[in-house]
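Convention: sequence-line order gives letters A, B, ...; per-chain numbering from 1. Predicted, not measured: the structure shown is a model, and the values here were computed from it. Scope of the values below: all heavy atoms of this structure, side chains included, with no hydrogens, waters or symmetry mates.
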Number of protein chains: 2
Amino acid sequence: MTQKLIPDIVIGRLPVYLRALTRMLSQGRQVTSSQELGERLGISAAQIRKDLSQFGEFGKQGTGYDIEFLTKKIQEILKVNRVWDVAVIGAGDVGHALANYGGFHQRGFRVTQIYDNDPEKIGTDFNNIRVMDIQEMKKSIKKAGIKVAMLTVPAEVAQDTVNDLVEAGIEAILNYAPVNLNVPQNVRVQYIDPAVHLQNMTYYLD
Amino acid sequence: MTQKLIPDIVIGRLPVYLRALTRMLSQGRQVTSSQELGERLGISAAQIRKDLSQFGEFGKQGTGYDIEFLTKKIQEILKVNRVWDVAVIGAGDVGHALANYGGFHQRGFRVTQIYDNDPEKIGTDFNNIRVMDIQEMKKSIKKAGIKVAMLTVPAEVAQDTVNDLVEAGIEAILNYAPVNLNVPQNVRVQYIDPAVHLQNMTYYLD
DNA sequence: TAGATTGTTAATCGATTAACAATC
DNA sequence: TAGATTGTTAATCGATTAACAATC
């Protein structure tokens, strides 16, 4: 029925492979190997080959991988060989940084909507995008058919906002609010919380 | 010799437990169970008990866990029952958002230094912290004994900057630059790249 | 041909879950 | 006491690695 053939953890490594390959390409490189890639990323060569083999045969024995070809293939697999419109919810510092971020458009994303509830912010422009009233969010996201959102609202209102996003048809949420979110099974959430990431490392410090 | 008793993946979940517990505490809750916590976080109750049991016995049969007590214990384990000074490298939008972020100080961190190479920015204040010349970085971080840095410089200079940070004594790096970093074994890196996180989810969209 | 590297299989390793005695 | 929930063991499940035939 549903596929679920490919482990989540494999999908999670593909963007990292893609990033490294794109970088090599921009440095004029044409061919690489699982060994080289693995060394750069701190991953075993066997794992890289195994991961890629889930999706097809992209390399040549004796030679390795054509970087441009493999890049294209991974982009197809991840469905970033197109551009996804993204809504930013919350026009604070983080929302502002995301609206201005230059790294999205080469990587399959474009911020097209920004929402806030602050009258002072509504109507102002962030990187040429008009900040809209969060009251409009549900209707407007639905109308635009947007599937991807980045959530930068305060923790207290995050879950309510997510409920609206889900009703609006959002299926992928990058959550900057420092709370766990409950969503239906068909909706994906990724978490970014700098304090959580830092706390991951302090354990190892003295 | 070296401990390495506790799996990395367990350490990685503790900050998430801590965040949920802190939230419950702020809501006036006093006691919870592995089952309740698991439901909130989408993790099995067994896993939560197993994770915690790595560090001691923090619960009571029949009752569950005292939230305040467990919070304190996890803070101790993660070494965030103190305040870590953090240096922000790069005073762009992301550096700015991090300098202003209010979520750090209750969670064990305080931004005390910001660096940039842009003469226009050097000497200005971000949230009452004077932006310093990146030329001073190595000397000044070493002098202050700072162990934790957040890196928000462009990809092209990230590795060089990291090399300096390592020489300065930094042992934990939260990397916002969209590249993999090579560091010695004693240095930890966590990666935040919104495009990578988004690409993790697009695979599952149509 | 000789050398290199893939894709894949089988073996190993590690993480998660189920189950339950202990006990609050 | 009865009910609930822990901490822990053993079983299951899944991911990583080693090894090598295939082949460029």
Task: Along DNA chain D (nearest heavy atom to each residue), the more 5'-positioned of Ser53(B) and Gly62(B) - done: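 Closer to the 5' end of DNA chain D: Gly62(B).
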Does [X] make a side-chain N or O approach to OP1 or OP2 of [N] shorter than 4.0 Å?
X        : N       : answer
Gln61(B) : dA22(C) : no
Ser34(B) : dT5(D)  : no
Ser44(B) : dT17(C) : yes
Arg49(B) : dG7(D)  : no
Tyr65(B) : dC24(C) : no
Arg13(A) : dT16(D) : yes

Nearest-angstrom distance from the residue atom [atom1] of [X] to [atom2] of [N]:
X        : N       : atom1 : atom2 : value
Gln35(B) : dA18(C) : CD    : P     : 13 Å
Ile43(A) : dT17(D) : CD1   : P     : 9 Å
Leu5(A)  : dG14(D) : CG    : P     : 13 Å
Glu36(A) : dT5(C)  : CD    : P     : 10 Å
Ile9(B)  : dG14(D) : CD1   : C1'   : 11 Å
Ile48(B) : dT17(C) : CD1   : C1'   : 13 Å
Asp51(A) : dT6(C)  : CG    : P     : 13 Å
Ile6(A)  : dG14(D) : CD1   : P     : 15 Å

- [ ] May I ask which nucleotide in the shown strands pairs with dA15(C), Watson-Crick or G-U wobble, both distances under 3.5 Å?
- [x] dT12(D)
Task: Base paired to dT23(C) (Watson-Crick or G-U; both N/O distances under 3.5 angstrom) - done: dA4(D)
Task: Geometric cation-pi criterion, Lys60(A) with Tyr65(A): 6.0 Å, 45° - done: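 No; the conditions do not both hold, so Lys60(A) does not lie above the ring face of Tyr65(A).
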Open item on the list: Let's go through Thr32(B) and Glu36(B) carefully: what are the C-alpha distance in whole Å and the side-chain angles of both, what is the deciding distance for side chain to side chain donor-acceptor pair (under 3.5 Å) to 0.1 Å, and is it a yes or a no?
Closed with: CA-CA 6 Å; Thr32(B) 187; Glu36(B) 184 190 38; 2.3 Å; yes
- [ ] Would you mind telling me which of Tyr176(A), Phe126(A), Tyr101(A) makes a ring pair (Phe, Tyr, Trp, His ring centres under 6.0 Å) with His96(A)?
- [x] Phe126(A)
Task: Minimum-distance nucleotide (side-chain atoms of Ser33(A) versus dT16(D), dT5(C), dA18(D)) - done: dT5(C)
- [ ] Nearest-nucleotide wise, let me know which of Lys60(B) and Lys50(A) is further upstream toward the 5' end of DNA chain C.
- [x]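 The 5'-side residue here is Lys50(A).
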TODO: Show your reasoning for whether side chain to side chain contact (heavy atoms under 4.5 Å, CB included) applies to Ile146(A) and Gln113(A).
DONE: CA-CA 9 Å; Ile146(A) 295 177; Gln113(A) 299 190 345; 3.5 Å; yes
TODO: Take Glu76(B) and Lys72(B) through the test salt bridge (charged side-chain N to carboxylate O under 4.0 Å, His left out) and record every step on the way to the result.
DONE: CA-CA 6 Å; Glu76(B) 284 171 21; Lys72(B) 284 233 172 79; over 6 Å; no
